[in-house]
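Okay, so here's the structure we're looking at.
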Amino acid sequence: MAVYTDITEDDLIRFLAAYDVGALTSYKGIAEGVENSNFLLHTTKGSYILTLYEKRVNADDLPFFLGLMHHLAERGLSCPLPLPRADGELLGELSGRPAAVISFLEGMWLRKPEAQHCREVGRALAAMHVAGQDFPLKRPNALSVGGWRPLWENSETRADEVQAGLKDEIAAELSYLEARWPKNLPEGVIHADLFPDNVFFLGDRLSGLIDFYFACNDFLAYDVAVCLNSWCFEKNGSYNITKGMALLSGYQSVRRLTAEEVAALPLLARGSALRFFLTRLYDWLMTPPGALVVKKDPLEYLTKIRFHRAILSSAEYGLTRQEASA
Ligand SMILES: Nc1ncnc2c1ncn2[C@@H]1O[C@H](COP(=O)(O)OP(=O)(O)OP(=O)(O)O)[C@@H](O)[C@H]1O
Ligand SMILES: N[C@@H](CCO)C(=O)O
């Protein structure tokens, strides 16, 4: 359960007085997520999410995240909205952390997504990329290739505790990707963490995207690679090409990938798998025992890195031969 910072009822009532949300009737910590502390609030006016921003979120970046949610919602994308306080500010402070009240999005995330859901996610991702094109704020991706080595250096010496041989394998992978990372692909605002638990569905229809706290400016195709990694593998580690095909064709029904993006896909998929491997490894080794969070398995992403390493053509992800060789 991701509640790193606890709150008292008195503090919460005082904090909520600045918002037009009615009177608090109940609240509870949300037993999901690994990054921030989230609480579900019920008030006389409805339901809301209270988020306290934790370690990986820099308070200076919050105007980017909250502004982006507004920007995307104005362009018709379904995502939660931060509520303004009486003084017009979107951010307050609670229990010593920056905090925001966010509108409640109806829907559930899918524990077992099927190909049809992957198609919808592909479409929504491309719609977000298009809608983000005129978002004026900028935020570089702190967890792209330049951020991986510092992260690795924090866990490197203990990596073999998780699996023998990991230290050498990841060191080689990192050097390989640093030397070959693409430079000139189409860029824009990306979500950067569009995993199944950040996409809500009502029945089979996608009802919205949440958790924009890794959003940044980077290669658009990197976001596609993040989704291939998080939506198109089965629990046994195998890649499901039917899901890959659906996700890629859903994406391309809104925005076509360029030939350069297609060619770079295996490298981007390797890099994005390494990014999640590294943050998971760090949390695996560093999270103190007893913390109220379910740690995620880094080795799931080692399997994915190895899969991408063996890819010879982007057709193996589910693009047609014609698309893959254009
Ligand atoms: N606006 C919202 N409407 C409804 N439920 C929400 C909303 N925001 C968050 N939640 C609930 O809280 C959970 C955790 O939220 P979120 O994914 O933002 O947390 P996180 O710690 O940033 O997680 P992650 O590990 O994905 O980075 C979600 O799975 C969902 O159940
Ligand atoms: N979606 C990430 C957690 C947030 O960084 C993971 O599954 O590792």
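What's counted below: heavy atoms across the whole structure, side chains too, no hydrogens, waters or symmetry copies. Remember, it's 1-based here, ligands and their atoms both numbered in the order they're listed.
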Under 3.5 Å: N/O of Tyr213 near N/O of ligand 1: no

Backbone or side-chain N or O of Pro80 under 3.5 Å from ligand 1 N or O: no

Region of Leu105 engaging ligand 1 - heavy atom pairs below 4.0 Å: both

How far is [atom] from its nearest protein heavy atom, and which residue and atom is that?
atom	value
atom 3 (C) of ligand 2	Val34 CG2, 3.8 Å
atom 7 (O) of ligand 2	Arg280 NH2, 2.7 Å
atom 5 (O) of ligand 2	Glu35 OE2, 3.0 Å
atom 2 (C) of ligand 2	Asp193 OD1, 3.5 Å

Close-contact set for ligand 2 against Phe214 heavy atoms, below 4.0 Å: 4 (C), 5 (O)

Taking only heavy atoms of [X], which atoms of ligand 1 are found under 4.0 Å from at least one of them?
X	answer
Ile30	11 (C), 12 (O), 13 (C)
Glu35	20 (P), 21 (O), 22 (O), 27 (O)
Asn36	21 (O), 22 (O)
Ile210	8 (N), 9 (C), 17 (O), 28 (C)

Main-chain N/O of Ser230 paired with Lys304 side-chain donor or acceptor, under 3.5 Å: no

Of the listed options Asn38, Ile49, Asp197, closest to atom 8 (N) of ligand 1 (non-hydrogen atoms): Ile49

Side-chain contact, heavy-atom cut-off 4.5 Å: [X] with [Y]?
X	Y	value
Trp152	Leu274	no
Pro140	Asn217	no
Val226	Asp193	no
Leu41	Ile49	no

Cationic tip of Arg309 above Phe307 ring, under 6.0 Å, 45° of axis: no

Working for ring pair (Phe, Tyr, Trp, His ring centres under 6.0 Å), residues His129 and Tyr251: CA-CA 10 Å; His129 289 169; Tyr251 185 89; 5.6 Å; yes

Criterion ring pair (Phe, Tyr, Trp, His ring centres under 6.0 Å) on Phe214 and Phe65, from CA distance to verdict: CA-CA 8 Å; Phe214 286 109; Phe65 304 136; 8.2 Å; no

